[in-house]
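In the text below, chain A, chain B and the rest are named by the order of the sequence lines, each starting its count at 1.
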Amino acid sequence: MSKVITPQQEDYSKWYNDIVINADLADHSAVRGCMVIKPHGYAIWEKMQQALDKMFKDTGHVNAYFPLFIPKSLFEAEEKNAEGFAKECAIVTHYRLKSDPNNKGKLIVDPDAKLEEELIVRPTSEAIIWNTYKSWIQSYRDLPILVNQWANVVRWEMRTRLFLRTAEFLWQEGHTAHATKEEAIEETTKMLDVYANFVENWMAVPVIKGVKTANERFAGADDTYCIEALMQDGKALQAGTSHFLGQNFAKAFDVKFAAKDGKLDHVWATSWGVSTRLMGALIMSHSDDKGLVIPPKLAPTQVVIVPIYKGDEGLKKMSEVAQSIKVKLEAKNISVKYDDRDTQRPGWKFADYELKGIPVRIALGERDLANGTIEVARRDTLSKETIRIEEVDVYIEKLLIEIQNNLFQKALERRKNMTHEANSYEEFKQILDEKSGFVLAHWDGSPETEEKIKNETKATIRCIPLNNPQEDGICIYSGKASKQRVLFARAY
RNA sequence: CGGGGUGUAGCGUAGCCCGGUAUCGCGCCACAUUUGGGAUGUGGAGGUCGUCAGUUCGAAUCUGGCCACCCCGACCA
């Protein structure tokens with residue numbers, strides 16, 4: 001064993017780091033809090049991007065790109081937004097370096113090159129985008145604007161973790177402008193549905209759609225909708241957010257439009273985003289002590305073929321069959337890698353592809369050649385089956401669908417087992433400590449109660465689920481009347 | 001940012017208390033035998049001991065600054 005992964009049971013947090021690093025997804029860099037996303041990790045991110053980008057375009061959105069830098073005066077325009085992000089901003093103050101007269105070969109910031117106005121490295125782009133929209137929008141005929149941007153943002157987090165919270169991360173941010181409140185709200189929930197669809201059907205991670213409490217709301221939003229997922233260790237992870245921004249940014253940036261009746265009104269806004277954090281959700285939903293498990297729909301390589309042979313002649317025979325299998329599978333739009341390297345032994349390759357999370361492995365040796373069979377191993381269950389070689393394409397095509405479904409069902413089952421109802425504060429705390437996971441409990445609706453529960457238990461209200469069943473109850477903390485249970489959990 | 005810990009070859013480590021240029025395993029290279037679950041043998045290469053400064057005849061080892069990472073807290077859409 002050259003690659004050792006700490007077992008989940010021993011230390012989940014270490015396990016997570018081991019997976020990220022040993023599966024070649026990402027690595028720490030020389031920059032504090034910033035990671036290098038390695039080719040295997042980036043390939044998965046690209047698959048996510050492709051699927052999401054198509055969904056955005058299918059719902060009428062277009063891509064554009066806005067600057068990395070935001071002048072401070074624009075950044076501070078929407079007060080709540082500015083306040084919310086102020087503590088974690090990187091700021092550009094100078095534009096030139098010069099040789100250090102006291103230290104040969106070293107550079108210093110040139111004090112003569114101080115910027116008139118500081119530039120904020122975007123932690124999110126509402127400010128620069130709404131400043132731009134001001135010049136794009138005059139009439140209801142200019143609306144709606146449905147723009148998305150794929151970009152990097154910087155948030156100077158105190159403590160970082162690979163993919164889950166890094167100082168710089170990749171994401172997409174949609175920013176839309178609408179003539180009416182209703183249309184903007186519809187957009188907000190539509191994009192939440194897009195996210196839920198993507199995370200459940202591509203990533204095979206079940207989510208709960210809901211709305212955030214005032215405490216947890218995006219700075220500058222009237223309402224924040226979210227999808228919440230539950231990780232293997234019982235902690236929640238916010239997988240995506242969609243914000244109804246009301247007219248807050250339109251007012252801050254003075255973006256008005258003339259309606260049909262000639263009256264001027266401020267534009268209604270939304271913004272929505274998912275980030276490379278989804279990689280963390282993917283890892284912590286399916287992977288095991290042998291390594292990463294990638295759902296087939298997001299696997300850069302879905303099937304790997306490993307030949308088992310003796311000598312050059314043996315390899316030649318094996319390669320002919322392997323290539324024909326590859327062609328058959330590719331005709332069904334399945335991505336296949338034939339690994340004929342003679343520098344690694346089969347056993348090594350088996351372990352390595354398990355570590356990297358490739359959904360299906362085909363092994364092919366003399367024995368199979370004689371029998372007209374191949375061995376098919378699936379990553380999700382680690383089970384193996386021998387099948388007739390002529391049925392390979394049909395079999396694998398079905399298998400990939402089955403693996404995708406199985407991963408989702410397993411995650412759904414786990415979430416079901418880790419979701420509990422608590423009817424008293426004692427019970428609530430007991431569940432958090434002994435079982436972890438989601439806890440459904442009554443809450444009196446006050447930010448104060450939410451804050452106290454958070455301080456005492458570290459559990460936060462992840463969301464108020466949409467279409468939440470209404471039932472009379474009393475708040476587990478204050479004993480005041482409540483109409484519905486909300487979703488609590490300790491979260492990443 | 002506060003408390004604790006760590007940093008020695010690509011990776012994991014011994015040595016540090018008690019100063020004299022470095023241990024072991026994996027990996028890497030060559031050759032041979034191997035190849036249906038991380039092969040074996042023989043030989044070999046690889047190190048400014050995180051970084052900068054100080055003490056000293058001499059620093060991986062002692063002192064200080066800085067950087068990074070890990071754990072706990074604070075913070076976090």
Side-chain angles (χ1 to χ4, degrees), chain A residues 1-6 11-14 16-18 21-22 27-35 80-81 83-89 103 106 123-124 126 153 155-162 164-167 169 171 173 211-221 223-228 237-243 245 271-275 277 290-291 306-312 314-315 318 340-355 361-371 373-375 377 382 384 386 454-455 458 460-463 491-492:
Chain A
M1 294 275 276
S2 61
K3 307 273 191 184
V4 179
I5 291 171
T6 307
D11 186 336
Y12 194 80
S13 168
K14 255 195 188 142
Y16 175 81
N17 267 324
D18 285 351
I21 290 177
N22 289 316
D27 214 339
H28 298 288
S29 72
V31 189
R32 181 198 184 90
C34 296
M35 64 179 166
K80 281 187 181 153
N81 185 250
E83 211 185 287
F85 285 103
K87 293 178 302 242
E88 50 190 51
C89 285
N103 204 345
K106 303 285 182 185
T124 182
E126 276 79 5
V153 287
R155 296 179 188 179
W156 215 263
E157 301 285 357
M158 287 177 180
R159 224 170 116 185
T160 58
R161 291 196 68 188
L162 293 166
L164 295 176
R165 183 175 291 111
T166 46
F169 58 91
W171 78 344
E173 45 182 329
V211 63
K212 288 286 187 192
T213 61
N215 279 1
E216 300 279 327
R217 196 177 287 155
F218 175 77
D223 259 320
T224 287
Y225 293 79
C226 63
I227 48 173
E228 293 286 328
L237 183 75
Q238 179 178 297
T241 48
S242 184
H243 314 292
L245 302 175
S271 70
W272 27 274
V274 294
S275 71
R277 184 178 234 210
K290 283 190 178 289
V306 177
I308 299 156
Y309 59 92
K310 292 186 172 86
D312 287 348
L315 177 59
M318 234 50 86
D340 63 349
R341 286 177 298 172
D342 63 354
T343 51
Q344 309 294 354
R345 294 158 51 92
W348 189 92
K349 292 178 185 173
F350 293 172
D352 194 51
Y353 289 116
E354 272 160 17
L355 178 63
R361 182 187 72 234
I362 294 175
L364 177 65
E366 284 290 350
R367 201 169 67 203
D368 295 299
L369 236 51
N371 299 335
T373 59
I374 51 167
E375 181 188 84
L382 294 168
K384 292 186 270 199
T386 301
K454 181 182 173 182
N455 290 339
K458 293 194 179 73
T460 49
I461 299 178
R462 303 316 304 156
C463 69
Y492 275 100

> Looking at the side chain of A:Ile308, which of B:C76, B:G37, B:U35 is the nearest nucleotide?
Replying inline: B:U35

>> Using a 6.0 Å distance limit plus a 45 degree cone around the ring axis, check whether A:Arg277 lies over the aromatic ring of A:Phe169.
In response: no

>> Under 4.0 Å, heavy atoms only, any strand: does A:Gly33 hit a base, just the sugar-phosphate, or nothing?
In response: sugar-phosphate

> So which nucleotide from B:G36, B:U35, B:C75 ends up closest to the side chain of A:Lys310?
Replying inline: B:U35

> If you look at every strand shown and take non-hydrogen atoms under 4.0 Å, does A:Asp342 touch a base, only sugar-phosphate, or nothing?
Replying inline: nothing

>> Under 4.0 Å from OP1 or OP2 of B:G73: is there any side-chain N or O of A:Lys458 that close?
In response: yes

>> Check the phosphate of B:A68 against A:Arg32, side-chain N and O only, distance under 4.0 Å to OP1 or OP2. Yes or no?
In response: yes

> When the distance from CD1 of A:Ile21 to P of B:C69 is rounded to whole Å, what number comes out?
Replying inline: 11 Å

> In whole Å, what is the span from the NE2 atom of A:His28 to the C1' atom of B:U6?
Replying inline: 13 Å

>> Mind checking if A:Arg277 touches a base, just sugar-phosphate, or nothing, with heavy atoms under 4.0 Å?
In response: nothing

> Checking all strands, does A:Glu375 fall into the base, sugar-phosphate, or nothing category for heavy-atom contacts under 4.0 angstrom?
Replying inline: base

> A:Lys384 NZ to B:G37 C1': how many Å, rounded?
Replying inline: 6 Å

> If only side-chain N and O atoms of A:Arg159 are considered, is one of them under 4.0 Å from the OP1 or OP2 phosphate oxygen of B:C72?
Replying inline: yes

>> Among B:G38, B:G37, B:C76, which nucleotide has an atom closest to any side-chain atom of A:Asp352?
In response: B:G38

> Side chain of A:Arg367: nearest nucleotide among B:G36, B:C71, B:C76?
Replying inline: B:G36

> RNA chain B: A:Tyr309 or A:Asn215, which has the more 5' nearest nucleotide?
Replying inline: A:Tyr309

> Whole Å only: how far is the CG atom of A:Leu364 from the P atom of B:U35?
Replying inline: 17 Å

> Looking at A:Ser13, does any N or O in its side chain come under 4.0 Å of the phosphate oxygens OP1/OP2 on B:C71?
Replying inline: yes

>> Using heavy-atom distances to pick each residue's nearest nucleotide on RNA chain B, tell me which of A:Leu369 and A:Phe218 is more 5'.
In response: A:Leu369

>> If you compare all heavy atoms of A:Ala167 against all heavy atoms of A:Cys34, which two are closest, and at what distance to 0.1 Å?
In response: CB-SG, 4.0 Å

>> Please confirm whether the shortest side-chain N or O distance from A:Arg345 to OP1 or OP2 of B:A39 is below 4.0 Å.
In response: yes

> Using 4.0 Å as the upper bound for N to carboxylate O, is an ion pair formed by A:Arg361 and A:Glu354?
Replying inline: yes

> Tell me: CG of A:Leu355 to C1' of B:G38, nearest whole Å?
Replying inline: 11 Å

